[in-house]
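Report on the structure given below.
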Amino acid sequence: MKALHFFLALGAAVAATSSANACIVNNPPAVRIDQSRADTVILATVLEASYTGERGPDCRPWRGHVQLKQVLRGSTSTRRFSIERSGSSAACDDGIAPPAIGDTWVLYLGRRNGKKAVLLSYPLEI
């Protein structure tokens with residue numbers, strides 16, 4: 001009987017500590033921007049964007065490419081960037097649809113894993 005209780009307790013502990021990749025708090029854009037630690041902010045023109053996978057029960061990923069239009073803060077020598085969304089609310093995706101060609105987006109650039117990267121990207125209206 002002790003062995004049964006041990007394995008039940010062990011199973012409960014493993015289930016309670018395993019990562020579920022669930023979104024704890026899906027912050028609005030203003031909060032995300034404030035917390036982003038971006039050192040460079042740019043305006044970019046959308047060159048192309050489209051869905052990249054099948055619609056799942058809770059996801060519709062997309063990816064796009066943009067061209068630097070104007071540096072608002074900081075500096076960058078990069079002219080083209082990729083933007084994307086996973087489409088999954090469980091991964092805290094904000095649900096923004098892919099942009100249209102020619103749209104202006106604001107990109108927040110900073111360091112990720114030691115390299116300059118797009119931390120956040122939003123339509124100019126946001």
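Because only heavy atoms are used, hydrogens play no part in the values below, and waters and symmetry mates are left out as well, while side chains stay in.
- Closest non-hydrogen pair, Ser36 versus Leu120, comes out as CB-CD1, 3.6 Å.
- If you run side chain to side chain donor-acceptor pair (under 3.5 Å) between Thr104 and each of Gln70, Glu125, Lys69, only Lys69 comes through.
- Within 6.0 Å of CZ in Arg63 there are 12 or fewer heavy atoms belonging to other residues, nucleotides or ligands.
- Using modelled atom types, one side-chain atom of Trp62 and one backbone atom of Ile96 make a donor-acceptor pair closer than 3.5 Å.
- Atom CG of Asp103 is separated from atom OG1 of Thr45 by 9.5 Å, given to the nearest 0.5 angstrom.
- The hydrophobic cluster containing Ile83 does not contain Leu47, counting ILVMFWY residues as joined when their side-chain heavy atoms lie under 4.5 angstrom apart, directly or transitively.
- Residues satisfying the side-chain hydrogen bond (donor to acceptor under 3.5 Å, both in side chains) test with Arg79, not counting sequence neighbours, are none.
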- request: Might you work through the side-chain contact (heavy atoms from CB on, under 4.5 Å) test for Leu109 and Val118, ending with a clear yes or no?
  value: CA-CA 5 Å; Leu109 311 176; Val118 176; 3.7 Å; yes

- prompt: Given Ser121 and Glu84, is the side-chain contact (heavy atoms from CB on, under 4.5 Å) satisfied, shown in steps?
  reply: CA-CA 8 Å; Ser121 60; Glu84 62 186 294; over 6 Å; no

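- In this structure, Arg73 contributes its side chain and Ala38 its backbone to a donor-acceptor pair below 3.5 Å.
- In this structure Asn27 satisfies the side-chain hydrogen bond (donor to acceptor under 3.5 Å, both in side chains) test with no other residue, sequence neighbours excluded.
- Residues Val31 and Tyr122 are members of separate hydrophobic clusters, defined by side-chain heavy-atom contacts under 4.5 angstrom among Ile, Leu, Val, Met, Phe, Trp and Tyr.
- Of the residues Val106, Val71, Leu68, Val66, the one that meets the side-chain contact (heavy atoms from CB on, under 4.5 Å) test with Leu43 is Val106.
- Rounding to the nearest 0.5 angstrom, the gap separating the CD atom in Gln67 from the CD atom in Glu48 is 12.5 Å.
- A donor-acceptor contact shorter than 3.5 Å links the side chain of Asp93 to the backbone of Ser86.
- Considering OG of Ser50 and NE2 of His65, their distance stands at 9.5 Å, rounded to 0.5 Å.
- Residue Cys23 comes nearest to Ser89 through the heavy atom pair CB-O, 3.4 Å, listed as atom of the first residue, atom of the second, then distance.
- For the side-chain hydrogen bond (donor to acceptor under 3.5 Å, both in side chains) condition, the pairs that include at least one residue of residues 106-117, sequence neighbours left out, are Asp39-Lys116, Thr40-Lys116.
- Note on Trp105 and Leu124: same hydrophobic cluster, where clusters join Ile, Leu, Val, Met, Phe, Trp and Tyr whose side-chain heavy atoms are under 4.5 Å apart, directly or indirectly.
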- request: Could you please spell out the steps behind the side-chain contact (heavy atoms from CB on, under 4.5 Å) verdict for Asp94 and Arg32?
  value: CA-CA 10 Å; Asp94 54 23; Arg32 291 176 190 228; 4.1 Å; yes

